[in-house]
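Basis for what follows: all heavy atoms, side chains included, without hydrogens, waters or symmetry-related copies. Just so you know, these numbers come straight off a predicted model, no measurement behind them.
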Amino acid sequence: GHFAAAAGRAKRPRGGGRQLEAGMRGILITCNMNERKCVGEAYSLLGEYGDLLYGPEQFSDHEERLSGSEREEDEDDVEAALKKEVGQIRASTEQKLRRFQSVESGANNVVFIRTRGIEPENLVHHILKDMHATKKKKTRVILRMLPISGTCKAFMEDMKKYTETFFEPWFKVPNKGTFQIVYKARNNSHVSREEVIKELAGIVGSLNPENKVDLNNPQYTIVVEIIKNVCCLSVVRDYVLFRKYNLQEVVKSSKEDAQQNPSSLTEDQNLKVVKPETEEEEKSSKEVKQENK
């Protein structure tokens, strides 16, 4: 017990030795204050749906042995318990192999879970679709959960070069779609929001002139999240329907839900729902409040 606590304490500080950097993929999660609880909720939620979509995680034999849950019977043997404890600490240094691994995000109230061998966009869309349908609240401290399927250095040249290829699956001829760009920078003062949005929109336009901006209900939302000198990117569907990928909001019922179904990859995504004017206004005032979170 106290040995484990000490190990826990020793492991946590120093930024855990792992931090968000260009080249990672994963899931960016915002929370209010309690980051440790947020990480716990994230592991539990992602683990549940990860197993569902991709099957249980395969560990190497080595890790399998170390987790030792089937060896409960020798718990009372102090030496064995200690061995197991040491094994677990060693296992935690081998977590590079894990499907989900929390890394230091570089910003307060932001948790970054690095992913391995899965598609963050599909996984997060699946979670939100499920929560949107069942209206079952599954988390308390997680606010938004944004898939990050690409990262690069947060300098204009890097971002331009990177997104020219990164955007292709959605926007390059013959692919096309209506889109919007949402941008947030934390702990970074050298990038201009206007410039980034203008350049990235230009790149989308150059991939296919039929890609059109739609700020009300785009098929695709390009998420740009900059933390320090890392630019995190993804292209997500149903951003408006799923309340900006906010897990607290998506489980609340609303009259808009009745009129719209989440997009599935196979569906014709051009079926647009025309909403009455008044509802739209009501919603935009709600969104302004939302941004302040």
Side-chain angles (χ1 to χ4, degrees), residues 1-21 24-52 56-57 59 63 66-69 81 84-116 118 120 123-124 127-128 130-131 136-148 151 184-188 223 225-230 232 234 243-251 290 292-293:
H2 117 114
F3 189 85
R9 270 203 304 282
K11 268 197 312 243
R12 224 170 305 110
R14 299 195 327 275
R18 281 192 214 86
Q19 49 200 34
L20 172 59
E21 52 192 44
M24 286 182 176
R25 311 175 68 195
I27 294 158
L28 186 150
I29 300 170
T30 62
C31 62
N32 260 338
M33 308 314 279
N34 200 336
E35 284 177 34
R36 281 192 63 199
K37 189 162 190 315
C38 179
V39 171
E41 284 190 352
Y43 279 150
S44 140
L45 189 67
L46 295 171
E48 175 191 343
Y49 284 93
D51 288 357
L52 212 68
E57 197 166 353
F59 295 112
E63 290 211 15
L66 294 174
S67 69
S69 49
K84 181 173 155 188
E85 196 75 75
V86 172
Q88 280 170 342
I89 294 169
R90 189 176 304 127
S92 75
T93 64
E94 292 169 11
Q95 274 170 340
K96 300 181 202 51
L97 317 169
R98 292 280 158 89
R99 188 179 273 170
F100 303 112
Q101 175 61 52
S102 165
V103 300
E104 203 59 48
S105 73
N108 285 338
N109 291 330
V110 177
V111 162
F112 191 91
I113 306 286
R114 188 191 60 198
T115 57
R116 281 273 154 91
I118 61 151
L123 177 62
V124 175
I127 293 173
L128 279 146
D130 200 37
M131 290 177 70
K136 257 211 210 81
K137 185 170 159 138
K138 284 182 171 261
T139 60
R140 294 182 54 192
V141 298
I142 292 176
L143 300 176
R144 296 170 74 213
M145 188 171 243
L146 297 167
I148 302 300
T151 46
K184 169 100 180 148
R186 295 177 174 87
N187 301 341
N188 174 309
V223 175
E225 289 273 344
I226 293 176
I227 302 182
K228 293 187 175 167
N229 64 347
V230 181
C232 302
S234 64
R243 305 286 180 280
K244 302 182 173 178
Y245 279 42
N246 184 315
L247 269 51
Q248 304 301 322
E249 295 295 322
V250 79
V251 294
Q290 199 58 53
N292 297 335
K293 279 205 163 156

Can you find a pair of side-chain heavy atoms, one from Val110 and one from Arg186, that are under 4.5 Å apart?
-> yes
Check: Val251 and Lys136 side chains under 4.5 Å, non-hydrogen atoms = no
Do the non-hydrogen side-chain atoms of Tyr245 and Val223 ever get within less than 4.5 Å of each other?
-> no
Between SG of Cys31 and CD1 of Ile142, what distance do you get to the nearest 0.5 Å?
-> 8.5 Å
Shortest non-hydrogen separation from Ser102 to Tyr43 and the atoms involved | N-OH, 2.8 Å
When rounded to the nearest 0.5 angstrom, what distance separates CD in Gln19 from CE in Met24?
-> 8.0 Å
For Asn32 and Asn109, indicate whether the former's side chain and the latter's backbone hold a donor-acceptor pair under 3.5 Å.
-> no
Between the CZ atom in Arg116 and the CD atom in Glu57, the distance rounded to the nearest 0.5 Å is 11.0 Å
Glu41: which of Arg140, Lys138, Arg36 passes side-chain contact (heavy atoms from CB on, under 4.5 Å) = Arg140
4.5 Å side-chain heavy-atom contact, Gln248 and Thr139 | yes
Which atoms form the tightest heavy-atom contact between Asp51 and Pro56, and what is the distance?
-> OD1-CA, 3.6 Å
Which atom names give the shortest non-hydrogen contact between Ser105 and Ile227, and what distance separates them?
-> O-CG2, 3.2 Å
Could you please spell out the steps behind the side chain to side chain contact (heavy atoms under 4.5 Å, CB included) verdict for Ile226 and Lys184?
-> CA-CA 6 Å; Ile226 293 176; Lys184 169 100 180 148; over 6 Å; no
With a 4.5 Å limit on heavy-atom distance, are the side chains of Arg144 and Arg243 in contact?
-> no
Pick out which of Ile27, Leu46, Leu146, Ile113 makes a side-chain contact (heavy atoms from CB on, under 4.5 Å) with Pro120.
-> Ile27
Taking side chain as C-beta onward, heavy atoms only, is Arg25 less than 4.5 Å from Thr151?
-> no
Nearest non-hydrogen partners of Ala107 and Asn187, listed with the distance | CA-ND2, 3.7 Å
Going by heavy atoms in the side chains, are Phe100 and Leu45 under 4.5 Å from each other?
-> no
First locate atom CG of Asn246, then atom CG of Leu143, and finally report the distance between them rounded to the nearest 0.5 Å.
-> 6.0 Å
Using a cut-off of 6.0 Å, state whether more than 12 heavy atoms not belonging to Lys37 lie near its atom NZ.
-> yes
So CD1 of Ile29 and CD1 of Ile148: to nearest 0.5 Å the spacing works out to 10.0 Å
Spacing of Met33 atom CE and Asn108 atom CG [to the nearest 0.5 Å] | 8.0 Å
Minimum side-chain heavy-atom gap Gln101-Arg18 below 4.5 Å = yes
